[in-house]
Amino acid sequence: MRVGVGILGGGTVGGTLARKLLDDHEVIASKSGVELALVKVAVRDMAKPRAFPAEYATDDLESVVDDPSVKLVVELMGGLEPARSLVLRALAQGKAVVTANKELVAADGPELFQEAASHGVSLLFEAAVGGGIPLIRPLSESLAGERLTRVLGIVNGTTNFILSAMDSEGRDYADVLEEAQRLGYAEADPTADVGGGDAAAKAAILAALAFGVWVGGDGVYREGITEIQTDDIEFGRRLGYCIKLLAVGEDTPAGVAVRVHPAMVPLDHPLASVRGAHNAVFVEGPAVGDLLFMGPGAGGDPTATAVLGDVIDAARELLAGTQVVPRIQFGAGRLAEFEQVLSQFYIRLEVADAPGVLAQIAGVFGDHGVSIRSVWQEGRGGAATLLLVTHEATEGDQQAALDAIRSLDTVRQVAAAIRVIGS
Ligand code: NAP
Ligand code: HSE
């Protein structure tokens with residue numbers, strides 16, 4: 001029996017999926033036992049060239065959802081609206097939904113999962129985190145019984161592509177961002193990538209699956225890469241680090257803590273070698289140990305492959321008329337205060353090169369309970385660049401120390417404060 005598929009969005013991912021459904025129709029049927037039939041693909045601009053034949057395109061979004069031959073709706077438009085309303089509209093008609101929209105899942109996950117469950121259909125989102133890397137299924141199925149303690153990794157391809165090119169080729173930020181957009185890695189609005197919003201949504205989803213506690217995109221502390229300067233890439237390398245945008249979720253005694261920020265990563269850490277648009281996520285648990293999931297985190301082909309896997313599962317479920325994929329569930333839990341999270345910092349200060357300045361700065365850190373692990377100084381006439389790496393202390397203490405340092409007459413600028421992830 002055939003399952004009619006309607007796609008909302010025919011861009012980088014939607015266009016690639018449509019082409020795969022048409023070109024690989026027989027391979028999919030013979031490998032999976034389901035026959036998928038592409039019905040329509042909704043786009044905004046009917047004049048744009050597409051990766052699929054023009055006769056499949058429409059600019060009427062609702063007509064795709066409401067088409068009686070469409071049993072399975074794939075949302076690949078991105079953004080909150082109209083995606084959210086269309087997903088709800090499809091679920092209300094008992095149609096299975098597949099999406100790669102991490103922003104939507106992180107914002108409205110519980111309501112959408114509830115709606116899917118109440119209509120007895122699946123809402124699948126493997127491609128929402130990690131592009132082509134299977135990550136959602138291992139977390140929600142294979143590891144469902146493990147008390148996971150930490151997820152840590154690189155979950156945004158665009159920023160990893162930018163930081164890698166700035167580091168190894170000394171390229172300009174704006175120029176590399178433009179290339180990431182051209183290659184289809186970036187979101188329609190790349191502010192979500194470089195500002196940390198895309199990674200925050202993914203971190204929220206990973207934490208929810210790992211710890212069984214709903215965090216939501218808004219519960220994630222975030223900093224992007226827009227403030228990263230080439231000087232710190234250079235100084236970091238001298239100290240044995242490279243800079244990565246990391247997502248960290250931890251189940252601590254104070255509650256679940258989820259954050260996204262750039263971090264100095266030791267050059268011998270496995271994450272340091274993850275380059276370009278690749279993603280890599282460590283998942284840690286007391287019984288299972290450390291698992292590393294790595295692969296292409298963005299781009300039309302890898303992402304459409306992950307979406308297609310979901311489409312096949314959802315189609316199998318529709319054909320079987322019974323639940324095949326476990327439903328996503330969350331329990332109650334509390335979120336930790338960000339001020340209580342332990343962090344270690346790399347700090348670059350531009351200071352007066354005068355007697356007693358270093359002692360004064362060390363004193364301020366000491367007064368706030370922050371211990372200094374290493375110091376490196378380069379003098380230039382009356383001024384000096386001071387690089388400090390602190391030991392771990394709470395975010396609250398580290399930030400209070402930095403505020404006090406900023407107010408010192410001898411400190412011209414706190415030029416950078418970047419967290420360090422050691423292990
Ligand atoms: P994209 O290239 O910008 O494609 C979006 C598509 O949706 C376009 O075809 C666009 O039409 C259509 N669209 C958007 N708003 C519309 C509206 N109001 N009415 C009708 N059509 C509309 O985006 P993408 O890169 O394929 O990403 C799609 C989703 O996948 C997003 O949620 C993204 O976060 C997620 N994702 C992307 C990647 C990736 O590497 N690109 C990886 C993982 C997940 P036009 O073409 O006419 O403008
Ligand atoms: N814009 C996203 C990224 C796409 O660069 O990682 C994959 O979700």
Side-chain angles (χ1 to χ4, degrees), residues 1-46 48-78 83 86-87 90-91 93-101 116 121-128 130-137 183-184 295-296 298-325:
M1 226 165 64
R2 285 150 57 100
V3 175
V5 179
I7 308 178
L8 304 173
T12 304
V13 185
T16 309
L17 177 70
R19 186 176 45 71
K20 274 184 194 297
L21 287 173
L22 295 170
D23 293 353
D24 300 344
H25 178 261
E26 276 161 33
V27 180
I28 295 167
S30 72
K31 266 188 85 177
S32 68
V34 294
E35 202 184 328
L36 300 170
L38 179 65
V39 178
K40 277 283 175 206
V41 185
V43 296
R44 190 166 23 204
D45 179 356
M46 291 292 283
K48 262 193 207 171
R50 301 286 167 190
F52 53 90
E55 73 243 36
Y56 287 96
T58 172
D59 56 5
D60 184 350
L61 292 160
E62 274 99 5
S63 76
V64 174
V65 174
D66 297 345
D67 188 320
S69 66
V70 169
K71 304 293 179 210
L72 204 160
V73 173
V74 189
E75 186 279 302
L76 295 169
M77 301 163 60
L86 291 161
V87 166
L91 294 172
Q93 295 177 40
K95 299 186 179 190
V97 174
V98 173
T99 182
N101 190 337
V121 288
S122 271
L123 169 62
L124 304 180
F125 54 100
E126 179 62 67
I133 311 170
L135 199 48
I136 302 300
R137 265 186 198 64
L183 292 169
D301 272 314
T303 308
T305 303
V307 173
L308 184 52
D310 276 351
V311 170
I312 289 168
D313 266 357
R316 282 183 176 134
E317 197 160 274
L318 290 172
L319 291 174
T322 182
Q323 185 179 330
V324 173
V325 187

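Remember, it's a predicted structure, so these values are computed and weren't measured experimentally.
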Please report the shortest heavy-atom distance between [X] and [Y], naming the atom on each side.
X	Y	result
Ser63	Thr58	OG-OG1, 4.1 Å
Ile312	Ser32	CG2-CB, 3.5 Å
Ser122	Ala116	C-CB, 4.4 Å

For [X], which of [options] qualifies under side-chain contact (heavy atoms from CB on, under 4.5 Å)?
X	options	value
Val307	Ile7, Val74, Thr99, Thr16	Val74
Leu76	Leu8, Leu17, Asn101	Leu17
Asp313	Val98, Leu124, Leu318, Leu308	Leu124

So, [X] side chain and [Y] main chain: donor-acceptor pair closer than 3.5 Å or not?
X	Y	value
Ser30	Val27	yes
Glu35	Ala37	no
Glu75	Val97	no
Arg50	Gly10	yes
Lys40	Glu55	yes

(Q) Can you tell me how far apart CZ (Arg2) and CG (Leu38) are? Round to the nearest 0.5 Å. (A)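 Here the rounded value is 10.5 Å.
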Q | Spacing of CG belonging to Leu123 relative to NZ belonging to Lys95, to within rounding of 0.5 Å | A |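 If we round to the nearest 0.5 Å, Leu123:CG and Lys95:NZ are 15.5 Å apart.
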Q) Is a salt bridge present between Asp310 and Arg137, judged by a nitrogen-to-oxygen distance below 4.0 Å? A)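 Salt bridge flag = yes for Arg137 with Asp310.
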Q. Would Asp301 and Arg19 pass as an ion pair if we require N to O under 4.0 Å?
A.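 Result for this pair is yes, salt bridge flagged.
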Q.
Run Thr305 and Lys20 through side-chain contact (heavy atoms from CB on, under 4.5 Å) and show every step you take.
A. CA-CA 9 Å; Thr305 303; Lys20 274 184 194 297; 3.6 Å; yes
Q) Under 4.5 Å between any side-chain heavy atoms of Asp60 and Val64, yes or no? A)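 No - every pair of side-chain heavy atoms lies 4.5 Å or more apart.
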Q: Show the numbers, then the answer: is there a side-chain contact (heavy atoms from CB on, under 4.5 Å) between Asp66 and Gln93?
A: CA-CA 8 Å; Asp66 297 345; Gln93 295 177 40; 2.7 Å; yes
Q: Give a yes-or-no answer on whether the side chains of Asp67 and Ser69 include a donor-acceptor pair shorter than 3.5 Å.
A: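 Yes.
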